Amino acid sequence: MQATSDQAFVSLENYDDIDLIRSKFPPLANINIDHNLNNLKDCRFFIIRTQGEDNVHRAMKYGIWTSSSRKNERLDEAFRNKKEDVYLFFTEINSMCFSGMAKLTSEFNAKAHFKYWLIENKWFGTFQIQWLYVKDIPFKHFDEIKQIQKLEGSEETLKSVYDLIDCTELTVDNGIKMARIFQMEKTNKSLFEEFPQLDKLEFQSRQERTNNIRFEKKFQELSAVFETIPFSFSVASYERKKTNRKAQGSYYQSQYGQQFYYQQPYQQYYQQPFVGIQYFIKLGYQFQQTPQYWQFNNGFYQNQYQQNQYNNNNNNEQGFNKQQQSYEKHQHLQKHYSNQQQQSNTVSQQTQQNTNQESNQNVQSVPLEQRFQINHQQLQKKGKFDKNRNKNNKDNIQYVEKNSTEAPVQKY
């Protein structure tokens, strides 16, 4: 069954009859029967994780599969160098179960494309696959099957097979264990229950994409580029490079044909060694040193005057004279204000000296005995009362005279 971009739409009204499914879809002709899985020691096994049920739905109906360029290269290498069959175990993200087991039956065909995957213009080229089992087997049946996985830049971690990343190759022992579970486990649950709804979504996407000129033009453009570099192509990197070329415009376009930016005559300029500021002075560059903030921040009036003088150095003499006159007026006012402050300070100092002298004369005129009595009376006034606080209520304070009976404190 050759997969092309013109793959016809096929569906059933009801997917309850397994024999009808086998007869309608050739890739599903031999599903859920007793397959001979005794000699699997030389086989290779891979985990396939998809973004949604839609992609597995198309893969089951039309017997095709594809992925990113690196993963396609990995599967293609496994098929070309195989000793026995290559098996794929399919699961959908967030599904909590494996949905099927298929066998890879062809090399990667970089010129056979399918338009109607879940995301448009993302996956190109196809493998041919044949399905052996289509049944939902929960992850709990695979809890004991674990494998060490090592990613680039990370340490080795022991994971269950259902936690491995997409297109991870299993060990032979783990692959045989999973194949045995698919062979022995009996269940009526499968993705066929969701096929009527998935058929409607596929039919809608076909109508939208077949009648869309923009989609067809983009599909032809990307597929043509993909066929030249099938195992290193990325739609995101291609679009990014394309936008960069548009942004560069005619600046990098050579008059002698299409060349990249590093082939332009501007390369010599960027390859010249940097030898300091003297190198640019030789090329004719002139550098002008602008004054810093601390160089002319000498006060409000001087700052205003010098800044105006720096900004208007090309004005006529009349404007400069006006600025100078205004500066002199400000300076005169500042001197006058400072003189007034000095006079007021001298007057206040003289008055303070006079008052201090008068107070000293009054104190000296009083005899020592009277001065002692006054101080003693003041001390008696200060220490005449004591404070009593209530322990339970600190805000309740009573003042009691010294050498007298204390008033009873009320308890709360």
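Please read all numbers here as calculations on a predicted model, not as lab measurements. All residue numbers in this chain count up from 1 along the given sequence.
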Shortest non-hydrogen contact from [X] toward [Y]:
X	Y	value
C167	F46	O-CD2, 3.9 Å
H113	A110	CE1-O, 3.0 Å
M60	S99	CE-O, 3.9 Å
D136	P138	O-CD, 3.8 Å
L28	I31	O-CG1, 3.3 Å
D166	R74	O-NH1, 4.4 Å

Using a 3.5 Å distance criterion without hydrogens, assess whether the side chain of [X] forms a donor-acceptor pair with backbone atoms of [Y].
X	Y	result
K61	V10	yes
T91	R49	no
D76	F108	yes
N55	L118	yes
R209	F215	no
E53	F195	no
N211	Q207	yes

If a pair satisfies side-chain hydrogen bond (donor to acceptor under 3.5 Å, both in side chains) and one of its residues is in residues 176-197, list it, with sequence neighbours excluded.
D34-Q183

[X]/[Y] aromatic ring centres below 6.0 Å:
X	Y	answer
F127	F79	no
W65	F90	yes
Y133	H35	yes

Around [X], counting heavy atoms of other residues, nucleotides and ligands shown, do more than 12 lie under 6.0 Å from its [atom1]?
X	atom1	value
K150	NZ	yes
K146	NZ	yes
I213	CD1	no
D42	CG	yes

Any donor-acceptor pair under 3.5 Å linking the side-chain atoms of E77 with those of N81?
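E77 and N81 do have a side-chain donor-acceptor pair below 3.5 Å.
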
Would you kindly say whether D143 and S160 are connected by a side-chain donor-acceptor distance under 3.5 Å?
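No - no donor-acceptor pair under 3.5 Å links their side chains.
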
Just so I know, are the side chains of [X] and [Y] near enough to count as touching, which here means a heavy-atom distance under 4.5 Å?
X	Y	answer
I21	Y15	yes
V161	F45	no
V235	F233	yes
I64	Q128	yes

How long is the gap from [atom1] on [X] to [atom2] on [Y], to the nearest 0.5 Å?
X	Y	atom1	atom2	value
L201	D54	CG	CG	6.0 Å
D85	T105	CG	OG1	10.0 Å
D199	H57	CG	NE2	4.0 Å
L88	L170	CG	CG	10.5 Å
S223	E227	OG	CD	5.5 Å
S67	I48	OG	CD1	6.5 Å

Of all pairs that satisfy ring pair (Phe, Tyr, Trp, His ring centres under 6.0 Å), the ones with a partner from residues 153-189, not counting sequence neighbours:
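As it turns out, the ring pair (Phe, Tyr, Trp, His ring centres under 6.0 Å) pairs with a partner in residues 153-189, which skip direct neighbours, are F89-F182, F139-Y162.
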
Determine the interplanar angle of the F9 and F203 rings, folded into 0 to 90°, and report it as parallel if under 30°, tilted if 30 to 60°, perpendicular if over 60°.
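Because their plane-to-plane angle lies in the 30° to 60° range, the rings of F9 and F203 count as tilted.
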
Is there a side-chain contact (heavy atoms from CB on, under 4.5 Å) between L151 and Q149? Walk through the geometry before answering.
CA-CA 7 Å; L151 302 176; Q149 185 173 59; 4.2 Å; yes

Identified ring pair (Phe, Tyr, Trp, His ring centres under 6.0 Å) partner of Y62 from the options W131, F114, F25:
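Checked W131, F114, F25 against Y62; only one passes ring pair (Phe, Tyr, Trp, His ring centres under 6.0 Å): F114.
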
Evaluate the side-chain contact (heavy atoms from CB on, under 4.5 Å) criterion for residues E84 and N39: first the C-alpha distance (whole Å), next the side-chain angles of each, then the deciding distance (0.1 Å), finally the verdict.
CA-CA 9 Å; E84 293 293 337; N39 298 322; over 6 Å; no

Positive for side chain to side chain donor-acceptor pair (under 3.5 Å) with E202, one of R206, K200, Q204:
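Single side chain to side chain donor-acceptor pair (under 3.5 Å) partner of E202 among R206, K200, Q204: R206.
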
State plainly whether the residues E216 and K115 are in salt-bridge range, i.e. N to O under 4.0 Å.
yes

Is the shortest side-chain N to carboxylate O distance from E221 to K217 below 4.0 Å?
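Result for this pair is no, no salt bridge flagged.
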
Check the pair R22 / N32 against side-chain contact (heavy atoms from CB on, under 4.5 Å), numbers first and verdict last.
CA-CA 10 Å; R22 291 169 181 167; N32 300 345; 4.2 Å; yes

Could you walk me through whether D163 and F142 satisfy the side-chain contact (heavy atoms from CB on, under 4.5 Å) test, starting with their C-alpha distance in whole Å, then the side-chain angles of each, then the deciding distance to 0.1 Å, before giving a yes or no?
CA-CA 11 Å; D163 289 330; F142 305 91; over 6 Å; no

